[in-house]
Amino acid sequence: MRRPDEIRDPTELLPPPTEVSEAEIESALALLDTMTAEELEGPEFQDRYTEAIAQLIEAKREDRPMPEAPEPEEPAAVLDLMAALQESVSKAKASRGESTGPAEVHELPQPTEAAAKKQPAMKTAAKKSAAKKTDGRRPRSA
């Protein structure tokens, strides 16, 4: 449960109003018209799940064995992401005229002795207050 002060007004979540031109409205409507299908017929619009459930119910009702599940389709080829990335990088380097061989490795510079001997700054200790700590409880009333 939430208290009334924890509930926000839903109007805060509305997006700000925007101005839309007639040309934008016409192009949006034209896009909707091109994407609208008049008749939803064909194998891509067939509800196979509902049909399979209906077959299971009929088989149980008539004490028949359950229908066999169809064999799964051939899975899509698994893409090796590292190989695809390396191929993409080598194509990009080739288009820029860079060498497509392995990257050059450079040694990092060694720190100087002065930097190695430098000690970290010391933090000052905070003063402890002598004030009595309260535990945040109120005294009981009789």
Using the test salt bridge (Lys or Arg N to Asp or Glu O under 4.0 Å), find all partners of Glu71 that sit at least two apart in sequence or belong to another chain. none

Residues in side-chain contact (heavy atoms from CB on, under 4.5 Å) contact with Ile57, at least two apart in sequence or another chain: Ile53, Arg61

Non-neighbouring partners of Glu68 that pass side-chain contact (heavy atoms from CB on, under 4.5 Å), sequence neighbours left out: none

Distance, nearest 0.5 Å, that separates CD of Gln55 from CE of Met66: 11.5 Å

Could you identify which residues cluster with Phe45, counting Ile, Leu, Val, Met, Phe, Trp and Tyr as linked when any side-chain heavy atoms lie under 4.5 Å apart, either directly or through a chain of such contacts? Leu40

Mind checking side-chain contact (heavy atoms from CB on, under 4.5 Å) for Leu31 and listing every partner two or more places apart, or none if nothing turns up? Thr34, Met35

Can you name the side-chain hydrogen bond (donor to acceptor under 3.5 Å, both in side chains) partners of Arg96, sequence neighbours left out? Glu98

Check Ala59 against Pro67 and note the closest heavy-atom contact, atom names and distance. CB-CD, 4.0 Å

Holding to side-chain contact (heavy atoms from CB on, under 4.5 Å), I want the full list of residues that pass it with Ile7, two or more places apart in sequence or in another chain. Arg2

All salt bridge (Lys or Arg N to Asp or Glu O under 4.0 Å) counterparts of Arg3, not counting sequence neighbours: none

Anything under 3.5 Å between a donor and an acceptor, one on a side chain of residues 78-88, the other on a protein residue two or more places apart or in another chain? List them.
{"from": "Glu87", "atom 1": "OE2", "to": "Lys91", "atom 2": "NZ", "distance (Å)": "3.2"}

Members sharing Leu14's hydrophobic cluster (side chains within less than 4.5 Å): none

Salt bridge (charged side-chain N to carboxylate O under 4.0 Å, His left out) pairs touching residues 21-49, sequence neighbours excluded, are none

I'd like to know whether CD of Glu6 has more than 12 heavy-atom contacts from other residues, nucleotides or ligands below 6.0 angstrom. yes

Can you name the side-chain hydrogen bond (donor to acceptor under 3.5 Å, both in side chains) partners of Glu51, sequence neighbours left out? Gln46

